[in-house]
Engineer: 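My questions all concern the structure below.
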Amino acid sequence: MTDTITVRGFVATEIRSSTTPGGVPTASFRLGSAERRFDKTANAWVDGNINWFTVQGYRQLAGNMGCSIKKGQRVIIVGKLKMRSWEKEGRVYHDAEIDADAVGHDLKWGTANFIRNSGNPQAADGFGPANGDRNTSGPSGAGQDGADDGREDDDEADEDAAAAGIFLDDAGDELELDRETGELTGAAA
């Protein structure tokens, strides 16, 4: 039996990327979820027990995790909980794993810049034009009504700029993608 859970916590390890024998990309990391409570006697916030999880992502999510998530960042995970146990040298070990459906930064602790994938991963999650969502505005879509707004010639130039790591913010200013950190240079922090 698997249970869907949502967990908030911090990324405790670097992202480990690999590929399954069947060729499916994967990424994983350890997540620590600490209990915080206010201690009235000390008049301060204190950390309680830390629960540890192994977070596993597959396919497009794995690639996005590898580009976006860094050790020490606060994240929110939604996925299926799986409890594993094994025995080694007479001792029983347990591990709580989360097969992630969604991973995102916890915006309570900071800001993030979102860059949409150029493919069509939203078809699987119930959103997007394939599922009746007519709002396809964005770098590669038409307007809200689905009509062509004359951007066909510009689409190829937009794709070339995105491949080069150059993006436009809402004000039309050029921002460049820092390939090492995955952040946009010149973006508000």
Side-chain angles (χ1 to χ4, degrees), residues 1-117 119 121-122 124-125 127 165 167 175-189:
M1 178 177 148
T2 58
D3 297 315
T4 300
I5 63 168
T6 302
V7 180
R8 292 175 44 196
F10 61 92
V11 179
T13 62
E14 296 296 331
I15 305 297
R16 293 180 302 272
S17 299
S18 64
T19 305
T20 66
V24 175
T26 69
S28 65
F29 62 91
R30 292 286 288 168
L31 177 79
S33 180
E35 173 190 11
R36 298 266 302 160
R37 62 179 176 79
F38 189 76
D39 185 351
K40 291 181 182 178
T41 58
N43 199 29
W45 287 94
V46 295
D47 287 328
N49 185 42
I50 297 179
N51 291 324
W52 294 99
F53 301 91
T54 299
V55 177
Q56 185 77 42
Y58 298 93
R59 298 174 186 78
Q60 184 71 47
L61 178 58
N64 291 343
M65 285 168 48
C67 293
S68 304
I69 305 296
K70 305 287 184 233
K71 182 179 177 180
Q73 294 178 336
R74 300 285 187 138
V75 294
I76 300 174
I77 311 297
V78 177
K80 294 169 189 65
L81 178 65
K82 295 182 179 180
M83 302 300 294
R84 273 189 338 118
S85 61
W86 67 96
E87 186 176 337
K88 182 177 180 182
E89 298 174 3
R91 188 169 177 195
V92 177
Y93 294 89
H94 303 280
D95 188 26
E97 295 181 354
I98 301 174
D99 278 348
D101 292 325
V103 176
H105 288 99
D106 188 346
L107 298 182
K108 179 179 178 182
W109 300 94
T111 62
N113 292 313
F114 178 78
I115 301 171
R116 189 173 192 157
N117 291 332
Q122 68 270 19
D125 66 8
F127 297 101
F167 300 90
L175 302 174
E176 190 172 334
L177 180 68
D178 182 336
R179 302 258 183 217
E180 185 173 316
T181 64
E183 296 178 352
L184 294 174
T185 60

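Quick caveat: nothing in here was measured; it's all calculated off a predicted structure. Residue numbers start at 1 and run along the sequence shown. Note that these values count all heavy atoms, side chains included, but never hydrogens, waters or copies made by symmetry.
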Engineer: Between Ala27 and Ile15, which heavy-atom pair has the shortest distance, and what is it?
Structural biologist: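 Looking at all heavy atoms of both residues, the closest pair is CB-CG2, 3.9 Å.
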
Engineer: Distance check, rounded to the nearest 0.5 Å: Ile77 atom CD1 versus Asp106 atom CG?
Structural biologist: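 The CD1 atom of Ile77 sits 10.0 Å away from the CG atom of Asp106.
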
Engineer: Name every donor-acceptor pair, under 3.5 Å, that has one atom in a side chain of residues 28-40 and the other anywhere in the protein, sequence neighbours excluded.
Structural biologist:
unit_1, atom_1, unit_2, atom_2, d
Arg30, NH1, Thr54, OG1, 2.7
Arg30, NH1, Asp95, OD1, 3.1
Ser33, OG, Arg8, O, 2.9
Arg36, NH1, Asp47, OD1, 2.9
Asp39, OD1, Thr41, N, 3.1
Asp39, OD1, Thr41, OG1, 2.7

Engineer: Could you pull out all residues at least two apart from Phe53 that satisfy ring-ring contact (aromatic ring centres under 6.0 Å, His included)?
Structural biologist: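 Per chain and number, Phe53 pairs via ring-ring contact (aromatic ring centres under 6.0 Å, His included) with no residue.
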
Engineer: May I ask you to test the Asp101-Lys80 pair for a side-chain heavy-atom distance under 4.5 Å?
Structural biologist: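 In short, these two side chains touch, coming nearer than 4.5 Å.
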
Engineer: Hey, what do you get for CG (Leu61) to CD (Gln56), rounding to the nearest 0.5 Å?
Structural biologist: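 Spacing of CG (Leu61) from CD (Gln56) equals 10.0 Å.
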
Engineer: Suppose we screen for side-chain contact (heavy atoms from CB on, under 4.5 Å). Which residues come up paired with Thr20, at least two apart in sequence or across chains?
Structural biologist: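 With neighbours one apart ignored, the set is Val24, Thr26.
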
Engineer: Under the ring-ring contact (aromatic ring centres under 6.0 Å, His included) rule, what pairs show up with a residue in residues 58-106, not counting sequence neighbours?
Structural biologist: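 Sorted result for residues 58-106: Trp86-Tyr93.
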
Engineer: Can you give me the closest heavy-atom contact between Met65 and Val103, atom names plus distance?
Structural biologist: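 What the structure gives for the nearest pair is SD-CG2, 4.0 Å.
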
Engineer: Test of understanding: with salt bridge (Lys or Arg N to Asp or Glu O under 4.0 Å), list the residues that count as partners of Glu97, not counting sequence neighbours.
Structural biologist: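 If we apply the salt bridge (Lys or Arg N to Asp or Glu O under 4.0 Å) test to Glu97, skipping adjacent residues, the hits are Arg84.
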
Engineer: May I ask you to check whether over 12 heavy atoms, not counting those of Arg59, lie within 6.0 Å of atom CZ?
Structural biologist: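 Counting other residues, nucleotides and ligands, CZ of Arg59 stays at 12 neighbours or fewer.
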
Engineer: I need the Trp109 CH2 to Ile76 CD1 distance, nearest 0.5 Å.
Structural biologist: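 Interatomic distance, Trp109 CH2 to Ile76 CD1, rounded to 0.5 Å: 11.5 Å.
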
Engineer: Could you measure the distance from the CD1 atom of Ile5 to the CG atom of Leu81? Nearest 0.5 Å is fine.
Structural biologist: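 One finds 4.5 Å between CD1 of Ile5 and CG of Leu81.
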
Engineer: Just to verify, what does Trp52 make a ring-ring contact (aromatic ring centres under 6.0 Å, His included) with, not counting sequence neighbours?
Structural biologist: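 ring-ring contact (aromatic ring centres under 6.0 Å, His included) check on Trp52 returns Phe10.
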
